[in-house]
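Read through the structure below, which is laid out as structure tokens, and then see the notes.
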Number of protein chains: 2
Amino acid sequence: MNDEQRLKAAGLKATVPRLKILEILQAREGQHLSAEDIYKILLENQLDVGLATVYRVLTQFEAAGLVARHRFEDGHAVFELDQGEHHDHLVCTRCGRVEEFLDPVIEERQRRIADEAGFRITHHQLYIFGLCSDCQDKG
Amino acid sequence: MNDEQRLKAAGLKATVPRLKILEILQAREGQHLSAEDIYKILLENQLDVGLATVYRVLTQFEAAGLVARHRFEDGHAVFELDQGEHHDHLVCTRCGRVEEFLDPVIEERQRRIADEAGFRITHHQLYIFGLCSDCQDKG
DNA sequence: ATGATAAAGAGAAGGCGTCTCATTTGAATG
DNA sequence: CATTCAAATGAGACGCCTTCTCTTTATCAT
Ligand SMILES: [Mn+2]
Ligand SMILES: [Mn+2]
Ligand SMILES: [Zn+2]
Ligand SMILES: [Zn+2]
């Protein structure tokens with residue numbers, strides 16, 4: 001399935017901004033990009049896309065399950081492609097380094113906790129903040 | 001230890017705004033209040049405190065370990081007294097209901113994950129989002 | 001190709017939080 | 001208790017990320 005088909009499968013028209021943003025996210029898997037980051041990349045590639053469009057498209061992608069939105073410590077959102085395989089994050093509060101992990105035990109426990117509270121889970125966020133090995137040395 | 005002593009122990013002068021905000025938080029344990037909420041409560045009590053002061057004090061309280069700051073789904077921060085006993089949250093995305101929980105297994109797993117990645121944990125955030133039992137019925 | 005409709009671009013507007021600066025307050029001192 | 005001065009406050013301006021509004025443009029079914 002190509003990008004155009006992926007968008008249509010999500011109920012979205014295959015427009016130039018959407019295709020380009022999807023392309024950018026695919027080319028940078030593992031990274032966590034802000035809307036502004038993506039906007040700048042578009043401009044660098046001679047693409048006249050409005051910042052508002054970037055925000056709109058990312059929100060639509062999120063609703064369609066194509067991307068995940070995260071709010072690490074500082075408040076402004078970052079995005080990454082959601083390839084079906086969920087993961088959580090370790091974030092260094094000094095240098096911003098991000099490590100990804102997946103712990104089946106934690107995932108299972110969460111389901112159980114929600115179950116006991118009568119909640120039907122839609123999603124969750126687990127961010128572990130701290131200092132990475134490099135930053136522990138640098139004080 | 002009374003409130004005045006608690007503030008001084010945290011290296012903060014015992015000022016009227018600080019004492020009142022601490023009092024409000026204590027009177028509403030279990031709730032999660034925004035800066036605006038606290039500001040309104042102060043005004044209702046004939047206390048002329050600026051909103052900027054509320055933000056400043058809450059940030060100082062957070063740094064001193066007196067309160068915990070959370071960012072549930074919508075982005076704006078809420079605060080609660082930090083009584084030493086950490087807990088995490090289940091949040092209903094429809095009605096805003098919040099349930100608190102503490103899972104020793106999850107806590108332990110987090111320490112282990114951080115350890116293996118060489119991170120020194122400072123804190124973490126775990127929010128489970130979904131629909132509470134009431135909201136599942138109402139569609 | 002044409003038309004109906006969704007989407008985009010530009011910039012204004014919104015909302016939460018922070019900063020600035022003149023004024024007041026706390027608490028240490030005499 | 002009066003004095004003193006750094007620390008804290010109040011008011012409002014400001015900043016930043018994000019969303020909204022409105023007109024123009026592009027997509028896609030026919
Ligand atoms: Mn990630
Ligand atoms: Mn809580
Ligand atoms: Zn680091
Ligand atoms: Zn609910």
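Residue numbers begin at 1 in each chain, while the letters A, B, ... track the order of the sequences.
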In whole angstrom, give the distance that lies between atom [atom1] of [X] and atom [atom2] of [N].
X	N	atom1	atom2	value
A:Asp74	C:dG17	CG	P	14 Å
A:Glu36	D:dT19	CD	C1'	15 Å
A:Leu19	C:dA7	CG	P	13 Å
B:Lys8	D:dA7	NZ	P	16 Å
A:Arg18	C:dG9	CZ	P	11 Å
A:Leu22	C:dA7	CG	C1'	17 Å
B:His76	D:dT18	NE2	C1'	16 Å
B:Leu7	C:dG26	CG	P	13 Å

Are the aromatic ring centres of A:His32 and A:Phe72 under 6.0 angstrom apart?
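Centroid distance A:His32-A:Phe72: below 6.0 Å, so yes.
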
Hey, do the aromatic rings of A:His89 and A:Phe101 have their centres closer than 6.0 Å?
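Centroid distance A:His89-A:Phe101: not below 6.0 Å, so no.
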
Under 4.0 Å between a Lys/Arg side-chain N and an Asp/Glu carboxylate O for [X] and [Y]?
X	Y	answer
A:Glu4	A:Lys8	yes
A:Glu99	A:Arg97	yes
A:Arg112	A:Glu116	yes

Quick one: is A:Thr15 getting a side-chain N or O under 4.0 Å of the C:dA8 phosphate, OP1 or OP2?
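For C:dA8, OP1/OP2 do have a side-chain N/O of A:Thr15 under 4.0 Å.
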
Under 4.0 angstrom between B:Lys13 side-chain N/O and C:dA28 OP1 or OP2
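Answer is no, no contact under 4.0 Å.
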
By nearest nucleotide on DNA chain C, pick out whichever of A:Val16 and B:Ala35 is the more 5' one.
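Final value for this comparison: A:Val16.
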
Flag the pair A:Leu126 / B:Gln110 as yes when at least one side-chain heavy-atom distance between them is below 4.5 Å, and no otherwise.
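They are in side-chain contact.
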
Which ones in residues 38-73 of chain A lie close to DNA chain C, meaning a heavy atom under 4.0 Å from one of its atoms?
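By residue number: A:Asp48, A:Val49, A:Gly50, A:Ala52, A:Thr53, A:Arg56.
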
Checking side-chain hydrogen bond (donor to acceptor under 3.5 Å, both in side chains) against B:Glu80, which of B:Arg69, B:His70, B:Gln31 comes through?
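It is B:His70, the one option of B:Arg69, B:His70, B:Gln31 that forms the side-chain hydrogen bond (donor to acceptor under 3.5 Å, both in side chains) with B:Glu80.
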
